[in-house]
There are 2 protein chains.
Amino acid sequence: MLNNNSDRLSEIFGALADPTRRAILVQLTQGPTTVGALQTPTPMSAPALSRHLKVLERAGLISREVEAQWRRCRLQAAGLRDAAEWIAEYRSFWDDKFDSLDAYLEETGKDSRTNSTRGAPDNDTD
Amino acid sequence: MLNNNSDRLSEIFGALADPTRRAILVQLTQGPTTVGALQTPTPMSAPALSRHLKVLERAGLISREVEAQWRRCRLQAAGLRDAAEWIAEYRSFWDDKFDSLDAYLEETGKDSRTNSTRGAPDNDTD
DNA sequence: ACTTTGATTAACGAAACTGTTAAATAGCTA
DNA sequence: TAGCTATTTAACAGTTTCGTTAATCAAAGT
């Protein structure tokens, strides 16, 4: 587990940190789209939009296929899965019903325990 | 659903887009910690670390309590939950075994099937 | 009071991000 | 070939981010 993993997550989260880019991802859930079609719901110059797409592509969240003079953008959700998996490591810290021991104690009517006995996510940084 | 939600997500994802900050969150899963204790695994000047903590605090991912001359940092996972929920809207796009009916069956303990009735996430941008 | 310790703010510079307009590229179409 | 459309790249400016060192603030110990 080297630095690569860490930088990849940084790129994914960084790509998601912009409302315009998240809106693009939302739009792409409706199916592959040309850049021009994305421009309508995203009031922005073509070059600006193009750069957002490049950020999303570098993060692996979309792919682009050349099709005549169009570029067809397609959602690539694997990156989102990776992000979701990273965050899921923390689920026991916000979801009391997660963590099997907590669930057991809850069912048996006992109280929950403190943070320190919960499983910690792996550190993905060098 | 106004712009607020969107900006909050931007701050959360932006905070997660840095390996140092993710490492801090990992460390905080071990329990609340003073800033000084965070500095050991994070080779960085104190001011730099302090600013990372401020970013995490503004994103709502940590809280800081004053305790004598120390600031005790505590993981606040609600923000991670919000991020996870946003991403989870896309789950059907990476997980073929997931759709709303599958989710229902999963919750009710029944087996999962495969299906292509995918739902689109809500657009959280203005 | 004076010093030490823990942490933040101030000030600064380098690098990255975001948007713009103008120019370039590439593929259709006439 | 010329011209139109779709998209990207170049060049530029404003803002933000990230790190540094120096200075400041606040609490504790002596």
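In what follows, every chain begins at residue 1, and chains take the letters A, B, ... in the order their sequences are listed.
Here the options are Val35(B), Thr33(B), Leu49(B), the test is side-chain contact (heavy atoms from CB on, under 4.5 Å), and the partner is Ile24(B); only Leu49(B) passes. Test Leu75(B), Leu16(B), Val55(B) against Leu61(B) for side-chain contact (heavy atoms from CB on, under 4.5 Å) and you get one pass: Leu16(B).
Distance Glu65(A) CD to dA6(D) C1': 16 Å, rounded to the nearest Å. Rounded to whole Å, atom P of dT9(C) lies 15 Å from atom NE2 of His52(B). Taking atom CG of residue Leu38(B) and atom P of nucleotide dG6(C), one finds them 14 Å apart after rounding to whole Å. The distance between atom CD of Glu11(A) and atom C1' of dC17(C), rounded to the nearest whole Å, is 14 Å. Taking atom CZ of residue Arg22(A) and atom P of nucleotide dT18(C), one finds them 12 Å apart after rounding to whole Å.
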Its contact letters, B for base, S for sugar-phosphate only and - for none at protein heavy atoms under 4.0 Å, make nucleotides 7-13 of chain D read SBB----
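Here the OH-CG distance, from Tyr90(A) to Leu28(B), works out to 8.5 Å after rounding to the nearest 0.5 Å. Rounded to the nearest 0.5 angstrom, Thr42(B) OG1 and Gln27(B) CD are separated by 7.0 Å.
In this structure a side-chain-to-backbone donor-acceptor pair under 3.5 Å is present from Arg21(B) to Gly14(B).
Side-chain N/O atoms of Ser45(A) include none lying less than 4.0 angstrom from OP1 or OP2 on dG19(C).
Defined by atom type and a distance below 3.5 Å, a donor-acceptor pair is present between the side-chain atoms of Ser10(B) and Arg22(A).
In plain terms, the two heavy atoms of Gln39(B) and Ser45(B) that are nearest each other are NE2-C, 3.5 Å.
The residue Ala68(B) sits close only to the backbone: its heavy atoms come under 4.0 Å of sugar-phosphate atoms, none of a base.
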Pairing string of DNA chain D (Watson-Crick or G-U wobble, both atom distances under 3.5 Å; | = paired to other strand) is ||||||||||||||||||||||||||||||
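Listed by chain and number, the residues in a side-chain hydrogen bond (donor to acceptor under 3.5 Å, both in side chains) with Gln69(A) amount to none (sequence neighbours excluded).
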